[in-house]
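First up is the structure itself, then whatever we jot down about it.
Reckoned from all heavy atoms, side chains included, excluding hydrogens, waters and symmetry mates. Remember, it's 1-based here, ligands and their atoms both numbered in the order they're listed.
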Amino acid sequence: MLGLMQDWPLLIHRIIDHAARQHATQEVVTRSVEGPITRTNYAAICQRALKVAQRLVREGVKPGDRVATMAWNTARHLESWYGITGAGAVYHTINPRLFPEQIAWIANHAEDRVIMTDITFVPLLEALAEKLPKVERYIVLTDAAHMPATKLRNAVAYETWLDEADGDFKWLDVEENAAAGLCYTSGTTGNPKGVLYSHRSNVLHSLAASGVDALTIGSTTTILPVVPLFHANSWSIAFSAPMMGAKLVMPGAKLDGASVHEMLSTEKVTCTAGVPTVWLMLLQYMQKEGKTLPDLKRLVVGGSAAPRAMIEAFEKQYGIEVLHAWGMTEMSPLGSLGSMKACTANLQGEALYDVKVKQGYAPFTVEMKITDDHDKELPWDGKTFGRLKVAGPAVAKAYFRVDENILDANGFFDTGDVATIDANGYMQITDRSKDVIKSGGEWISSIDLENLAVGHPDVAEAAVIGIAHPKWDERPLLVIVPKEGRTVSRDAVLEYMQGKIAKWWMPDDVQVVAEIPHTATGKINKVTLRKQFADYRLPG
Ligand code: ADP
């Protein structure tokens, strides 16, 4: 027997319609790419998104077609997403920090028909245009006055293009499982892989992501996503903020410590989200300049492991609660969040931070398990580590145009991460399976060693890689970058680490370098680092 409730497909346009109705005057503030701070609201965003959709349809864009955006976090970028999905098309986010060849590969693989971009990226696209024969039109997210002279095919200023529509448009109704968004993982090895979100997966994911034990987004929240819209589906914030009616502050192109601090401070932001590198820059800026952020209640950090020293500094020195989150593009992306539960809420001191450094527990809509190499489930004891596998309505079941099964026999996706889960359900990433150091048949977590090393007062950044060893198979090499103006010796770091980890986990050597390579999403690029140390031999 079926229930007798209404059929109300979970479509993305319902989010912006709701925001325009219930939170019409709620502000969306942008540090525009042209320079000035601009202000709009959800009613205006919805109206302009309708124009985007109307204009795209007139352009010949059909349901399922891909429209790329390569742009900073701005109101224009946001309304473009709603316009694209409202026309039944698929927003494809391109990360401008990728190598140009990778951008061309991705745009061709996605068969983008239109690219919407900022003035910043016009030169980059001009250099690539020849390799993008299928792109019919470039829309530059600016007005006529700021439109650069360009030879890009059919290039037009966004505002001029929008003025050709009146917004008298009805959203295209597609079914809730229709594709809505496309985001490629950076693919440090092999080609990037496309993750194709649906309307339904995005709506469900945003509901789960907004909750009080997740990002805590409500109508009195002011949220600033430092995480770009082009990185892992904007961690849902492009959907969660309008869905819940939060004030949204878009930082545009300026993501250095001073600029982020200025936006957080002047707009009285209460919640913000980004990767550890961004927060380390902000922390250094605040410490150096003696700044505070009295309105900021919650700082969400994910994408890479958050160092304990950083979590403690924000919480203890500045009274800002740090929420450690884990996820991946394939998960829309949120997989776990480090909120407190009844069993952890009263913890204090070291015991509290022992929980806070973990990546947290899975919200409803995410199922999680750890297994050995034979798919046998491992215990939740906080010690045993294994392959982390996930399932849920916002987890990928296949990659776009890749004919390969990516799920196990029980329908779980192998995240490629290695983790423990404790008796309270808190998961902790030990490593990426390809980065874990295999020593004498046991595993050493490179992340644990890195986090410990950055606790040393003179160390700015640390990376650990496995070096081939005749007896132990692999042994850890610690590579460090000293803080600006400081020097640090091998012995000082090793002495600092002594006693804080098992003896056999101690790095065999420390190398001090000026810089550690990073990927396009700001993570330590271990592939490149391993290449740099290909000829290195451990002492003895
Ligand atoms: P990409 O692989 O393209 O850089 P993703 O965001 O999809 O982008 O990367 C997901 C991976 O990032 C995870 O599988 C995990 O290895 C790592 N990661 C994400 N958040 C954390 C975290 N809080 N701690 C440790 N690793 C993390």
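Taking each heavy atom of Pro482 and Val488 in turn, the nearest pair found is CB-CG1, 3.8 Å. Considering all non-hydrogen atoms of both residues, Met250 and Ala75 come closest at CG-N, 4.3 Å.
A 6.0 Å sphere centred on NZ of Lys523 holds more than 12 heavy atoms belonging to other residues, nucleotides or ligands.
Residue contacts with ligand 1 for Arg432 involve side-chain atoms from C-beta outward but no N, CA, C or O (heavy atoms, distance under 4.0 Å). In Thr329, the parts holding a heavy atom less than 4.0 Å from any atom of ligand 1 are both the side chain and the backbone. Of all the heavy atoms of Ala520, none lies under 4.0 Å from any atom of ligand 1, so neither backbone nor side chain is involved.
The shortest N or O to N or O distance between Ile429 and ligand 1 is not under 3.5 Å. Considering both main-chain and side-chain atoms, Lys523 comes within under 3.5 Å of ligand 1 through a nitrogen or oxygen pair. Checking only distances, Thr519 never comes within under 3.5 Å of ligand 1, N or O to N or O. In terms of polar-atom proximity, Thr185 is not counted as a contact of ligand 1, lacking any N or O under 3.5 Å from an N or O of the ligand.
For the residues Gly338, Ala325, Gly416, Gly302, the heavy atom positioned nearest atom 23 (N) of ligand 1 is part of Ala325. For atom 20 (N) of ligand 1, the nearest non-hydrogen atom from the set Gly335, Gly303, Ser336 belongs to Gly303.
Sorted by first and then second residue, the ring-ring contact (aromatic ring centres under 6.0 Å, His included) pairs with a member in residues 298-356 form an empty list; sequence neighbours excluded.
The contact set between ligand 1 and Gln359, taken as ligand atoms under 4.0 Å from a residue heavy atom, comprises 22 (C), 23 (N), 24 (N), 25 (C).
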* To do: Could you walk me through whether Leu293 and Met286 pass the side chain to side chain contact (heavy atoms under 4.5 Å, CB included) test, one step at a time?
  => CA-CA 9 Å; Leu293 285 168; Met286 287 168 68; 3.8 Å; yes
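Of the options Thr270, Thr272, Thr221, Thr216, a side-chain hydrogen bond (donor to acceptor under 3.5 Å, both in side chains) to Arg298 is made by Thr216 and by none of the others.
Using a 4.0 Å heavy-atom cutoff, Gly327 is listed among the residues neighbouring ligand 1. Remark: distances from the non-hydrogen atoms of His231 to ligand 1 include one below 4.0 Å.
In this structure, Met70 CE and Met116 CE are separated by 13.5 Å, a value rounded to the nearest 0.5 Å.
A centroid separation of less than 6.0 Å is found between the aromatic rings of Tyr184 and His92.
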